[in-house]
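We count ligands from 1, going down the list as the structure has it; atoms in each ligand are counted the same way.
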Amino acid sequence: MRRNPGEVNVLVTRKFPERGMELLKDQGFGVSVWPGEEPMTDKEFLKEAKLSTALFCTLSEKVDRSFLEECSHIDIISQFGVGYDNIDVEAAGELGIPVCNTPDVLSDATADVAFALMINVSRKMFWLHKSIARGEWKYFRPGYGLGIELRGKTLGIFGLGRIGTEMAKRCKGAFGMEVIYHNRNRKAEAEKELGARYVSFEELLLHSDILSVHANLTNETEGIFDMNAFRKMKSSAIFINTARGLMHDENDLATALQKGIIWGAGLDVTNPEPMESDNPLLEMENVAVLPHIGSATTETRNRMSELAASAIVSYYRGERIDNIVNPQALDIKKRE
Ligand code: NAP
């Protein structure tokens, strides 16, 4: 038997947009919002989770097997975000704890950031913006700050899923780019809609003018963009990562840029996060870095908050949940 809303205490690990909190409170759920701006320590998180029945959390909370075994009383975990690499989903499934995320609602906002980074890097905009503050804008210099054009170039997508598809649509529509992609499985629909061509990982590296990363972070993808990979890319290529920083080796990336092995890079995610303020990438001409703000629009964050809260409401009502990443968890009878 699932608990009534009045018996549920949802631990909300940050001050997420109010929409989701209102939805939970309107349905009679108890809601405890962690008041701090900074993430909880692991110890604080464990202590609070032990007093809770459901979690509304995000990437900075480490929900590993040992946490889950200590908190097997938790009914449901709803993640504010589409990526859930901070959660041991397999362990949660074994313990009968469904894990939900917020797909689709952030695809446009995140693809916009990948697209914006690509344009900014190709025209050195972040660096030129800062050059004015450095006092370097004195007169017209025909050879100064030259970028590269994007029209007709080849876009390579690593991970043509929801966000990758939106990035491909933007690049094809705006610049008539040819789209190639590498996934574990072919996407017939995207191939038809975008005229996208499936290639091996090796071919993706060799042929992309812009290589944009949109895959999920897994054991298979962690560290996949290292010096070996950069060496196979064109010396004129731009590397964009808006997925997860752990997929690229940042020292190798800096070296590849310094040595002209690749031309430029745009990052919304770094390795590690946060990036140190003295990171050499921040001073490079052909580099643009953002502090992991892919989904950061008011509209998107409101939708994420609503979707994460709706999953909790649906779970306790016994309704179907579409955004569940380990549906097998629902078949496991939980020990109350
Ligand atoms: P998605 O729809 O699941 O797309 C991910 C794609 O990656 C899938 O098409 C998948 O295809 C492919 N993939 C997975 N493992 C792969 C591998 N080993 N090799 C090649 N391709 C692989 O997810 P999404 O909604 O587009 O989100 C993608 C990621 O973006 C999230 O996981 C998250 O980490 C990141 N993200 C970042 C921000 C930000 O703020 N910067 C915001 C939102 C999301 P196959 O299964 O066929 O391989």
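By the criterion of a heavy-atom distance under 4.0 Å, the side chain of T110, and not its backbone, is placed next to ligand 1. Under 4.0 Å from ligand 1, the heavy atoms of L160 that appear belong solely to its backbone. Residue-level proximity to ligand 1 for N216 is carried by backbone and side chain together, each with a heavy atom below 4.0 angstrom. Contact annotation for H214 and ligand 1: only backbone heavy atoms (N, CA, C, O) come within less than 4.0 Å of the ligand.
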Test side-chain contact (heavy atoms from CB on, under 4.5 Å) applied to R244 and V213, step by step: CA-CA 8 Å; R244 286 289 182 265; V213 181; over 6 Å; no
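A cation-pi arrangement is found for R2 relative to Y315, the charged atom lying closer than 6.0 Å to the ring centre and inside a 45° cone about the ring normal.
No donor-acceptor pair under 3.5 Å is formed between the side chain of N271 and the backbone N or O of D249.
Within 6.0 Å of atom CZ in R123, 12 or fewer heavy atoms from other residues, nucleotides or ligands are found, so the atom counts as exposed in its surroundings.
Of all protein heavy atoms, the one closest to atom 33 (C) of ligand 1 is R244 NH1, 3.7 Å. Among all non-hydrogen protein atoms, the one lying nearest atom 11 (O) of ligand 1 is N183 ND2, 3.2 Å.
Contact atoms of ligand 1 toward A215: 7 (O), 13 (N), 22 (C), 29 (C) (distance under 4.0 Å to a heavy atom of the residue).
Side chains of S107 and E166: a donor-acceptor N/O pair is absent below 3.5 angstrom, by distance only.
Within the 4.0 Å heavy-atom cutoff, R186 does not count among the residues contacting ligand 1.
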